[in-house]
Amino acid sequence: MTSRLTAFDTVESEVRSYCRAFPVLFERATNATLTTEDGRDYTDFLAGCSSLNYGHNDPDMKAALVDYITSDGVTHGLDMHTDAKRAFLEAFRDIILKPRGMDYRLQFTGPTGANAVEAALKLARKVTGRTNVIAFTNGFHGVTAGALAATGNGYHRGGNGAPLNGVTRLPFDGYLGPDVDTSEILDKMLSDPSGGIDAPAAILVEPVQGEGGLNAASAAWMRKIERIARDHGALLIVDDIQAGCGRTGTFFSFEEFGIEPDIITMAKSLSGMGLPFAMTLLKPEHDIWQPAEHNGTFRGNNHAFVTARVALEKFWQDESFAQSVRQKGDLLQSRLTAIAEPYGWGLRGRGMFRGIDVETGERASAICKHCFENGLIIETSGAHDEVVKILAPLTIPTAQFEAGLNILAEAVQTVMGREMPAAAE
């Protein structure tokens, strides 16, 4: 660590986290490679926590943004009409919504996923006149107060310093084991006038729980949750912030489930280039906002509109990109299975949104530390940080992807080699 890092230690808040696991200074980045100030390359299996599905500094997005800036395009426009916003709206409508038979209004909420979730919860309560929201164990929806109330993580909830109300938490798919259908528990409790759950405004769910440990809901369970929402007059909110934008092999993570959410929240890779950009998709009949009733200064990031449009045009005009993601997802599953099987570990997630449950946070941390020492950026997730999570850019070259997985496999062997002699003693 060089003296240039001193400012981070003496000026920046103690709240910083990722830099503690990766204590180097990064200067450049291209696709799946991060380069430090002294010229060392690292393969990025973190990708901005799935904010860089298309890699770092995509050349077409970068060129479009540079052209926009040098032509004095509007940077900040609140929610005024701009050519950048119009082009994005048209692209999202024509490339994403129409081919999928989807009809949604797009609300630009502010720069983060939590902003999108806050808007979704607020709107659901406004539409239904109810206050209670059903959320699930291990869910993660943000750390602002409303979103945090729906988040299960005790560490983050403990940072709020005030009561977190308005949410009833039920077990996610598989939480009680493979033989228990947790959707039936929810349905029974809502159907019983003495079940103790207030009639909900919304049911909020992630199809794949990113921070919660890559727990993937089944299509059947998701369809039951949708039916329960309809039967009990609640809106179905799908949080696709981390699982969306192609991470599971389709643009939306729920496309193959045959469900139709009332509200969808998106952020992270939505801008295509890692720029702050979030939005809430809502059914037209639920668009009952009054002008400026929900607002925010940075709800119109025109630079993000530019790069997001290019991402849609470049990667989603046909099925070729999605097909390549699915092929890499199959490769990832095969490689992780080979790594995990000798130790009896299970896999989590689906598509290019996968990880290995290595059973303890200490072991997962040791594996990630060894990976970093050998040129791979990778992190953990789960209630106990027990899942080694792979979030490589979807655009990563196959050879580099394989090389990164080789580093991971070697790290597992090394860490387990250290543990086994101790266990034998």
ask   = Is it the case that more than 12 heavy atoms not belonging to F26 sit under 6.0 Å from its CZ atom?
value = yes

query = Does NZ in K122 sit with more than 12 non-hydrogen atoms of other residues, nucleotides or ligands closer than 6.0 Å?
reply = yes

query = Are F372 and Y42 close enough, and set up right, to give a ring pair (Phe, Tyr, Trp, His ring centres under 6.0 Å), and what steps lead you there?
reply = CA-CA 8 Å; F372 176 67; Y42 288 82; 5.1 Å; yes

ask   = Would you say the side chain of R354 lies within less than 4.5 Å of the side chain of Q333, judging by non-hydrogen atoms?
value = yes

key: Option passing side chain to side chain contact (heavy atoms under 4.5 Å, CB included) with V358 (candidates I367, V412, V415)   = I367

request  = Go through the steps for W316 and F252 under the test ring pair (Phe, Tyr, Trp, His ring centres under 6.0 Å), then give the verdict.
outcome  = CA-CA 12 Å; W316 296 103; F252 297 106; 9.2 Å; no

message = Less than 4.5 Å apart, side chain to side chain, heavy atoms only: is that true for I203 and E226?
response = no

Close side-chain approach of F401 and M352, heavy atoms under 4.5 Å = yes

request  = State plainly whether the residues R348 and D357 are in salt-bridge range, i.e. N to O under 4.0 Å.
outcome  = yes

ask   = Has the side chain of S269 got a donor or acceptor atom that lies under 3.5 Å from a matching backbone atom of S50?
value = yes

query = Less than 4.0 Å between a side-chain N and a carboxylate O, is that true for R227 and D231?
reply = yes

inquiry  = With a sphere of 6.0 Å drawn around CD of Q323, does it hold more than 12 non-hydrogen atoms of other residues, nucleotides or ligands?
reply    = yes

query = Are any of the side-chain heavy atoms of L347 and L214 separated by less than 4.5 Å?
reply = no

ask   = Any side-chain heavy atom of T43 within less than 4.5 Å of one from I377?
value = no

ask   = Are L405 and L332 close enough that some pair of their side-chain heavy atoms sits under 4.5 Å apart?
value = yes

query = With side chains defined as the heavy atoms from C-beta onward, is the minimum distance between D9 and E12 less than 4.5 Å?
reply = no

Test ring pair (Phe, Tyr, Trp, His ring centres under 6.0 Å) applied to Y343 - qualifying residues, sequence neighbours left out = W345

task = Evaluate whether atom CZ of R100 has more than 12 neighbouring non-hydrogen atoms of other residues, nucleotides or ligands under 6.0 angstrom away.
result = yes

message = Check this for me: does any side-chain nitrogen of one of D103 and R93 sit under 4.0 Å from a carboxylate oxygen of the other?
response = no

message = Using the ring centroid of each side chain, check whether F92 and F88 are separated by less than 6.0 Å.
response = yes

ask   = So, do E386 and T380 sit near enough that their side-chain heavy atoms are less than 4.5 Å apart?
value = no

Note: E90-K85 ion pair, threshold 4.0 Å (strictly below) = no

ask   = Salt bridge between E319 and R326, side-chain N to carboxylate O under 4.0 Å?
value = yes

message = Does the plane of the ring in Y54 sit parallel, tilted or perpendicular to the ring in F315? Use 30° and 60° as the thresholds.
response = parallel

ask   = Is the closest side-chain donor-acceptor distance between T395 and N31 under 3.5 Å?
value = yes

ask   = Looking at K283 and E260, does any basic side-chain N land under 4.0 Å from a carboxylate oxygen?
value = yes

query = For the rings on H76 and F298, is their centre-to-centre separation under 6.0 Å?
reply = yes

request  = May I ask you to say whether K126 pairs ionically with E293, meaning some side-chain N is under 4.0 Å from a carboxylate O?
outcome  = yes

query = Do R335 and N406 have side-chain atoms, one donor and one acceptor, less than 3.5 Å apart?
reply = yes

